[in-house]
Undergrad: 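Here it is: the structure, laid out below.
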Amino acid sequence: MAKDALMDFDKALELFEPVLGFEVHVELNTATKMFSAAANPANSANHDAAPNTLVAAVDMGLPGSLPVVNETAVRYSISLGLALGCSIAPSSRFARKNYFYPDLGKNYQISQYDEPIAFEGSVDIELAGGEIITVPIERAHMEEDAGKLTHVGGATGRIQGAEYSLVDYNRAGVPLVEIVTKPIFGTEHRAPEIAKAYVATIRDIVISLGISEARMERGNLRCDANVSLRPRGQEKLGTRTETKNVNSMRSVERAVRYEIQRQAAILAAGGTITQETRHWHEDTGRTSPGRPKSDADDYRYFPEPDLLPVAPSLELIEELRAALPEPPAARRRRLKGDWGFTDLELQDVVNSGLLAEVEATVAAGASPASARKWWTGELSRVANLQGKEPAELVEPAAVAELQKLVDAGTLTDKLARQVLEGMVAGEGTPQQIVDARGLAVVSDDGALIAAIDDALASQPDVLAKIRDGKVQAAGAVIGAVMKAMRGQADAARVRELVLERAAQ
């Protein structure tokens, strides 16, 4: 793949104004699919099912099969629309969206077009410095997900160069809500940051509603990022590209920055932007062309003849409105007070995009300070080295279990980092790793005293200094003992015992 020419980001923003738009797809965690009784793989209970085992006739497009709307999915969609500040349509209907779908057996997608379930809303997002940006929401509509294709035999895992493709219909028919923003103006140099913060806010909302696992690495939440540039002073919008299915907040931020730099280089050289979908490549940090972007007319939308309109009662809408959780901004303020964090400490967590993970770790029994330390410290460092999101590495409950071992004195911080290494490598629970690797702190004073006596005997000059009142000299003995104990001793206890033995 030839490398694109890129313009310096600051230079690009001098010449052009970026205009953003996002389409975020949220897989709902209902027990069954959108239009069939097949189990839903977007529910964690079914995530690891073998290919083509969570299917029904409707999902495979078999002749004579008819869709039936999932009532829970409708309720979840209304709740999400309300949380986004949208109006709920008194009547909405499904439509058929037509183009070649090799992973949807009926060869069209059941979606919503001109009559979505929710429309005209807005959501506030908070940036690193505490600035609040309001993102306008055009609509949130219900639809079904497509299946999954696996391309076999090529070097890249893509269809180009593959020998054949396999189709898994498990995901076909999974209930989705697609949230579509209006064009977002005035983002300027903060466009990549705003992109990341918006996706993080949507993720916070759907998690708080309990309607989605929102695991981006699993595809439960995916973002299509639309970017266009227009010369400074020009009112007409530029031609947009749509980078498809970006599945991490870090990648959304990088993809928006890349497209700004790529498009600016083309426009500055006198070229034109092709309206197209683009693929994001996590390994190279680049986008590549997909297909020419279709307009609505190209999909030949028409009303779905097998489904009646969805007409929620006012009583249902008000019931769901009354059950809404607190908005993300209010939630952050509450957590700040509950956790006793300073503004900077909470902002550290928010900026990392790990608020949900820290909250879940605290709920599992860890202190707020320790949960913040693990997620924004060691886990973020390891994730950055591996090019992943921290949430992909371990579960919050496992982090809380690890911290309990530290609190109990079973592990030192240094040993805990070794255990975390095993957790990330999939070696088991923290306790299993401690047992298998023999990493528990040596708490037997007898073993420690034996090691201390050996160290003192081998360093008589240090012993003399300690007895002369030069207590800092004990550091050499402590270091020797820690080395002899392979770091599995409590340094504070070793120090106490060293001073006791030297005084005898």
Undergrad: Tell me whether the rings of F9 and H189 are parallel (<30°), tilted (30 to 60°) or perpendicular (>60°).
TA: perpendicular

Undergrad: Quick check against the 3.5 Å criterion: does T187 have a side-chain atom that pairs as donor or acceptor with the backbone of R190?
TA: no

Undergrad: Kindly say whether L54 contributes a backbone atom to a donor-acceptor pair with the side chain of K33 at under 3.5 angstrom?
TA: yes

Undergrad: Between T241 and Q263, is there a side-chain donor-acceptor contact under 3.5 Å, judged purely by atom types and distance?
TA: yes

Undergrad: Using side-chain contact (heavy atoms from CB on, under 4.5 Å), reason through R203 and I205 one step at a time and then give a plain yes or no.
TA: CA-CA 5 Å; R203 180 171 175 265; I205 289 172; over 6 Å; no

Undergrad: With T201 as reference, evaluate V350, V206, I133, I125 under the side-chain contact (heavy atoms from CB on, under 4.5 Å) test and give the passing residue.
TA: I125

Undergrad: How far apart are the C-alpha atoms of L176 and V26, what are their side-chain angles, what is the distance that settles it, and do they pass the side-chain contact (heavy atoms from CB on, under 4.5 Å) test?
TA: CA-CA 5 Å; L176 283 178; V26 179; 5.9 Å; no

Undergrad: Measure the CD1-CG distance between I137 and L84 for me, rounded to the nearest 0.5 Å.
TA: 5.5 Å

Undergrad: Evaluate whether atom NZ of K373 has more than 12 neighbouring non-hydrogen atoms of other residues, nucleotides or ligands under 6.0 angstrom away.
TA: yes

Undergrad: Check whether any side-chain N or O of N170 sits under 3.5 Å from a backbone N or O of A50 as a donor-acceptor pair, and report yes or no.
TA: yes

Undergrad: Would you say D59 and S36 are linked by a side-chain donor-acceptor pair, where the criterion is simply a distance under 3.5 Å?
TA: yes

Undergrad: So if I apply the side-chain contact (heavy atoms from CB on, under 4.5 Å) rule between V24 and each of V180, I202, V177, which one comes out positive?
TA: I202

Undergrad: Is there a side-chain contact (heavy atoms from CB on, under 4.5 Å) between L379 and V394? Walk through the geometry before answering.
TA: CA-CA 9 Å; L379 279 165; V394 292; 3.7 Å; yes

Undergrad: Atom CD of residue position E71 - does it have more than 12 heavy atoms of other residues, nucleotides or ligands inside 6.0 Å?
TA: no

Undergrad: Just verifying a value: how many Å separate L82 CG and I78 CD1, rounded to the nearest 0.5 Å?
TA: 7.5 Å

Undergrad: Could you give the distance from CD (E282) to OG (S251), rounded to the nearest 0.5 Å?
TA: 3.0 Å

Undergrad: Please lay out, stage by stage, how K244 and D224 fare under the test salt bridge (charged side-chain N to carboxylate O under 4.0 Å, His left out).
TA: CA-CA 4 Å; K244 299 285 288 184; D224 298 343; 3.1 Å; yes

Undergrad: Could you walk me through whether H141 and E143 pass side chain to side chain donor-acceptor pair (under 3.5 Å), step by step?
TA: CA-CA 7 Å; H141 64 261; E143 60 186 21; 3.3 Å; yes

Undergrad: Between R215 and E395, does a salt bridge (charged side-chain N to carboxylate O under 4.0 Å, His left out) hold up when you go through it step by step?
TA: CA-CA 11 Å; R215 295 283 294 271; E395 295 289 340; 3.3 Å; yes

Undergrad: Verify side chain to side chain donor-acceptor pair (under 3.5 Å) between T287 and H281, making sure each step is shown before the conclusion.
TA: CA-CA 6 Å; T287 65; H281 302 275; over 6 Å; no

Undergrad: Are a donor atom and an acceptor atom from the side chains of W375 and T361 found within less than 3.5 Å of each other?
TA: yes

Undergrad: Is the number of heavy atoms from other residues, nucleotides or ligands within 6.0 Å of CD1 (I132) greater than 12?
TA: yes

Undergrad: Going by atom types only, do D343 and Q347 share a side-chain donor-acceptor pair under 3.5 Å?
TA: no

Undergrad: Determine yes or no for a side-chain-to-main-chain donor-acceptor pair under 3.5 angstrom, with S208 supplying the side chain and D204 the backbone.
TA: yes

Undergrad: For a salt bridge (charged side-chain N to carboxylate O under 4.0 Å, His left out) check, start with the C-alpha distance between E193 and K196, then their side-chain angles and the critical distance, and finish with the verdict.
TA: CA-CA 5 Å; E193 181 188 358; K196 178 181 178 181; over 6 Å; no

Undergrad: Going by an N to O cut-off under 4.0 Å, is there a salt bridge joining R437 and E421?
TA: yes

Undergrad: For K404 and E401: C-alpha separation, side-chain torsions, deciding distance, then whether salt bridge (charged side-chain N to carboxylate O under 4.0 Å, His left out) applies.
TA: CA-CA 5 Å; K404 288 176 184 176; E401 182 183 345; over 6 Å; no

Undergrad: Just checking, any donor-acceptor pair under 3.5 angstrom between side chains of N70 and T32?
TA: yes

Undergrad: If you measure from CG on L354 to OG on S380, what distance do you get to the nearest 0.5 Å?
TA: 5.0 Å

Undergrad: So, R171 side chain and A146 main chain: donor-acceptor pair closer than 3.5 Å or not?
TA: yes

Undergrad: Hydrogens and angles aside, do T243 and H279 bring a side-chain donor and acceptor to less than 3.5 Å of each other?
TA: no

Undergrad: Before you tell me yes or no, could you show the steps for N384 and R250 under side-chain contact (heavy atoms from CB on, under 4.5 Å), namely the whole-Å CA-CA distance, both residues' side-chain angles and the distance that decides it to 0.1 Å?
TA: CA-CA 10 Å; N384 188 54; R250 175 173 175 264; 4.2 Å; yes

Undergrad: So, taking the atom named CG in L355 and the one named CZ in R331, what distance separates them when rounded to the nearest 0.5 Å?
TA: 4.5 Å

Undergrad: Cut-off 3.5 Å, side chains only: do N220 and E27 have a donor facing an acceptor?
TA: yes

Undergrad: I want to check something: taking the side chain as every heavy atom from C-beta on, are K388 and L393 in contact at a cut-off of under 4.5 Å?
TA: yes

Undergrad: Under 3.5 Å, side chain of N46 to main-chain N/O of N40, donor-acceptor pair present?
TA: yes

Undergrad: Does any non-hydrogen side-chain atom of R262 lie less than 4.5 Å from one of R286?
TA: no

